[in-house]
Amino acid sequence: QVQLVESGGGLVQAGGSLRLSCVASGRTFSSSAVGWFRQAPGKEREFVAAISKNSFNSNYADSVKSRFTISRDNAKDTVYLQMNSLKPEDTAVYYCASLVYSTTGYAPAREMEYAYWGQGTQVTVSS
């Protein structure tokens, strides 16, 4: 089992930045890819970004490319999502999730591949 706890959300003006953190506990965190997803009110949860277990590869939704950066520190069992140039449409609850295990370089966007999920952190971007 892996427990994931997100933090770093909050209220920010459009154009601002936030850095989300996802801290893992439980089994070895460094053996699997980690992803960030988000769910806006009235919408389905969608993929944001993912990073492979050794940071060899990352994957981004088109809507966040060049604005968001995913990174990880396996020594700290933590994955980060640096969000710059935030827009009101980025408002959502952000979730981190991890696979049970993944091969090197694998960073999937499909939600169904992720086994463990955090409780989410709210990000609100005002215009």
Side-chain angles (χ1 to χ4, degrees):
Q1 277 289 71
V2 174
Q3 292 77 45
L4 303 173
V5 178
E6 304 95 336
S7 63
L11 174 63
V12 64
Q13 288 188 329
S17 299
L18 283 174
R19 187 175 80 156
L20 305 184
S21 299
C22 172
V23 179
S25 61
R27 65 183 294 276
T28 304
F29 181 64
S30 59
S31 63
S32 60
V34 174
W36 284 95
F37 294 78
R38 66 186 182 187
Q39 187 168 22
K43 294 187 177 181
E44 294 193 351
R45 190 157 56 188
E46 65 176 3
F47 170 74
V48 176
I51 188 166
S52 61
K53 65 180 182 180
N54 288 330
S55 303
F56 288 170
N57 190 28
S58 57
N59 189 8
Y60 295 91
D62 288 342
S63 59
V64 306
K65 277 181 182 176
S66 78
R67 300 189 298 123
F68 290 11
T69 303
I70 190 170
S71 62
R72 68 190 296 165
D73 184 343
N74 286 343
K76 296 182 178 180
D77 287 337
T78 303
V79 171
Y80 305 97
L81 184 68
Q82 177 67 44
M83 306 186 296
N84 298 328
S85 302
L86 283 161
K87 305 175 181 179
E89 51 263 44
D90 294 319
T91 295
V93 177
Y94 283 71
Y95 301 90
C96 68
S98 73
L99 277 65
V100 175
Y101 173 80
S102 57
T103 56
T104 301
Y106 191 55
R110 292 187 301 174
E111 184 176 332
M112 66 173 61
E113 298 200 43
Y114 289 84
Y116 305 113
W117 292 81
Q119 295 299 306
T121 185
Q122 176 71 46
V123 172
T124 303
V125 184
S126 63
S127 57

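If you read the sequence from its start, that first residue is 1, and numbering goes on from there.
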Show the nearest heavy-atom pair for residues Ser21 and Thr78, with the distance to one decimal. CB-CG2, 4.3 Å
Is there a side-chain contact between Tyr80 and Thr69, using heavy atoms and a 4.5 Å cut-off? no
Would you say the side chain of Ser30 lies within less than 4.5 Å of the side chain of Lys53, judging by non-hydrogen atoms? no
CD of Gln122 to CG of Leu11, rounded to nearest 0.5 Å, is 9.5 Å
Filter on disulfide bond (SG atoms under 2.5 Å apart), then keep only pairs touching residues 63-127, sequence neighbours left out; what's left? Cys22-Cys96
Can you see which heavy atom on Lys43 is nearest to which on Gln39, and at what distance? O-NE2, 3.1 Å
Rounded to the nearest 0.5 Å, what separation is found between the CD1 atom of Ile70 and the OG atom of Ser52? 9.5 Å
Not counting sequence neighbours, which residues clear ring-ring contact (aromatic ring centres under 6.0 Å, His included) with Phe37? List them please. Phe47, Tyr114, Trp117
Heavy-atom donor-acceptor pair, Glu6 side chain to Gln119 backbone, under 3.5 Å: yes
From Ser17 OG over to Phe68 CZ, what is the distance, rounded to the nearest 0.5 angstrom? 9.5 Å
Measure the spacing between CD1 of Ile51 and OG of Ser98 and express it to the nearest 0.5 Å. 13.5 Å
Treating Asn57 as the side-chain partner and Ala107 as the backbone partner, does any N or O pair qualify as donor plus acceptor under 3.5 Å? no
Tyr116 to Leu4 - nearest heavy-atom pair and separation: O-CD1, 3.5 Å
Which residue in the set Pro88, Ser127, Ser126 passes side chain to side chain contact (heavy atoms under 4.5 Å, CB included) when paired with Gln13? Ser126
How long is the gap from CH2 on Trp36 to CG on Leu20, to the nearest 0.5 Å? 4.5 Å
Check: Ser32 side chain, Leu99 main-chain N or O, donor-acceptor pair, under 3.5 Å: yes
Could you list all the salt bridge (charged side-chain N to carboxylate O under 4.0 Å, His left out) pairs where at least one residue sits in residues 90-100, not counting sequence neighbours? Arg38-Asp90, Arg67-Asp90
Atom CE of Met83 and atom CZ of Arg19: how far apart are they, to the nearest 0.5 Å? 11.5 Å
Closest non-hydrogen atom pair, Leu86 against Val12: CD1-CG1, 3.6 Å
Please determine whether the number of non-hydrogen atoms from other residues, nucleotides or ligands lying under 6.0 Å from atom CD of Glu89 exceeds 12. yes
